[in-house]
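To start, the structure itself, in structure tokens.
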Number of protein chains: 2
Amino acid sequence: MTISPLRDRTASKDQAASRDRGDPLWDIIELLFFAYRDFVSDPDDVLSKLGFGRAHHRVLHFVNRNPGMKVADLLHILNITKQSLGRVLKQLIDQGYIVQKEGANDRRQRLLYATPKGEALAMKLAGLQTERIARALNELDPGAHAAACRFLTAMIDAEDRGIVQKLIARADQSRSQK
Amino acid sequence: MTISPLRDRTASKDQAASRDRGDPLWDIIELLFFAYRDFVSDPDDVLSKLGFGRAHHRVLHFVNRNPGMKVADLLHILNITKQSLGRVLKQLIDQGYIVQKEGANDRRQRLLYATPKGEALAMKLAGLQTERIARALNELDPGAHAAACRFLTAMIDAEDRGIVQKLIARADQSRSQK
DNA sequence: GAAAATATGTCAATATAGCTGACATAAACT
DNA sequence: AGTTTATGTCAGCTATATTGACATATTTTC
């Protein structure tokens, strides 16, 4: 199944004029809205059956991806208050998806780890999202994956890109050591 | 300013093996999370000063883009209940950002239009998002815009793509008639 | 060793944005 | 005349976030 291109703006004769005027880039704005909407809908269905929401997904995702991360790190990544995190994290801990361990160097820290049960759920949810992404990339040419990464990276606040890239690289590394 | 590529998975020697195993595509999953987060943060700042939230933005955006749309259409696009829409829409109408006009053919319909004030706000918000997108595309090669559109379109539920594409095309057309 | 800073947790009150269910009104369709 | 459709509204509920205040244990600093 091939998808017909949306409207090939690159071939539009007045593309340069539009860019000069700084016209809104409606296509990206709206596609991003709908793509993200569908992207999060797959996990949402599974989560709601467990009595969880998107907030639980985000917490479990990052803990699973970064075993032993500090609560403070999680707060910075999610950009929420500790009170907001508290409720969600408590539920995940109480139901056995996440455990906390005292830091070896700094005993004030409560380092976060996904349990096998937590990891199973995290991987299930990531699997659903990966299915969608893989399906999308399969419809496109081979360079589409790299191109998507470049575009999405460039959309992130410049000051945060380094952090995000380290996050992805470090998590990939810790996973592959298994 | 050039951005170093995240991790060139296309050049990775075990990329094929990873794809065969169906490993999660962590890079896209996390980049999409952070990119969308920053993408909506620009408008959020402006909106919060007006006492509005993201919900108001979405309503105003689609009404501005599709002048004369029915309430029912808006409900389908946003995928929320009329009760949820009601509160937000009422505030936008009361404060003069949106007006309702009786349908010419079907007088039950309340067709939605952005007022000049509403259009100004919608365009301001779209402008902020466009700045970010344009900044991103400027860092990338010329085909990046089209590539991003293809990727994002492919990420949308197949059954919804047609609707979204029509939405974008129709709105573009109605705008350019001005 | 006392004081200050840090990491985390918790209580209380509030706001936003969504939901379900029930019901109301007006206009159009059959 | 009766049914369906488009819209609106009341009431109550849930999830996710907020701010502000305060508590506890631990580490760091002077």
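As the structure is a computational prediction, the values presented were derived from the model and not from experiment. Convention: sequence-line order gives letters A, B, ...; per-chain numbering from 1.
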- Query: Counting distance only, does the side-chain N/O of A/His57 pair as donor-acceptor with the main-chain N or O of A/Gly53 below 3.5 Å?
  - Reply: no
- Query: Among pairs that include at least one residue of residues 34-48 of chain B, which meet salt bridge (Lys or Arg N to Asp or Glu O under 4.0 Å), considering only residues two or more places apart or in two chains?
  - Reply: B/Asp42-B/Arg132, B/Asp44-B/Arg54
- Please list, by residue number, the residues of residues 37-46 of chain A whose heavy atoms come closer than 4.0 Å to an atom of DNA chain C; answer none if no residue qualifies. none
- One should read off an interatomic distance between A/Leu152 CG and B/Asp27 CG, to the nearest 0.5 angstrom, of 9.5 Å
- Ion pair A/Glu102/A/Arg108, N-O distance below 4.0 Å: no
- Query: Between B/Glu139 and A/Arg161, is the closest basic N to carboxylate O distance under 4.0 Å?
  - Reply: yes
- Query: Ring centres of A/Tyr97 and A/Phe52 under 6.0 Å apart?
  - Reply: yes
- Note on the structure: Per-nucleotide protein contact along nucleotides 25-30 of chain D, 5' to 3', at a 4.0 Å heavy-atom cut-off (B base, S sugar-phosphate only, - neither), is BBS---
- Task: Going 5' to 3' through nucleotides 13-20 of chain D, assign each nucleotide B (protein heavy atom under 4.0 Å from a base atom), S (under 4.0 Å only from sugar-phosphate atoms) or - (no protein heavy atom that close).
- Result: ---BBBBB
Please report, rounded to the nearest Å, how far the [atom2] atom of [N] is from the [atom1] atom of [X].
X: B/Leu111; N: D/dA6; atom1: CG; atom2: C1'; answer: 11 Å
X: A/Asp94; N: C/dG9; atom1: CG; atom2: P; answer: 12 Å
X: A/Leu75; N: C/dT10; atom1: CG; atom2: P; answer: 13 Å
X: A/Lys101; N: C/dT8; atom1: NZ; atom2: P; answer: 16 Å
X: A/Leu74; N: C/dG9; atom1: CG; atom2: P; answer: 11 Å
X: A/Asp73; N: C/dT6; atom1: CG; atom2: P; answer: 15 Å

- Task: List, by chain and number, the other hydrophobic cluster members for A/Tyr113, where Ile, Leu, Val, Met, Phe, Trp and Tyr join if side-chain heavy atoms come within less than 4.5 Å, directly or indirectly.
- Result: A/Val99, A/Leu111
- Query: Given a cutoff of under 4.5 Å between side-chain heavy atoms of I, L, V, M, F, W and Y, with clusters grown through shared members, what are the other residues clustered with A/Ile163?
  - Reply: none
- Which pair of non-hydrogen atoms, one from A/Arg107 and one from A/Arg110, has the smallest distance, and what is that distance? O-NH2, 3.4 Å
- Exceeds 12 heavy-atom contacts within 6.0 angstrom, atom NZ of A/Lys117: yes
- Item | Derivation of the ring pair (Phe, Tyr, Trp, His ring centres under 6.0 Å) call for B/Phe34 and B/Phe39 | CA-CA 8 Å; B/Phe34 288 108; B/Phe39 174 66; over 10 Å; no
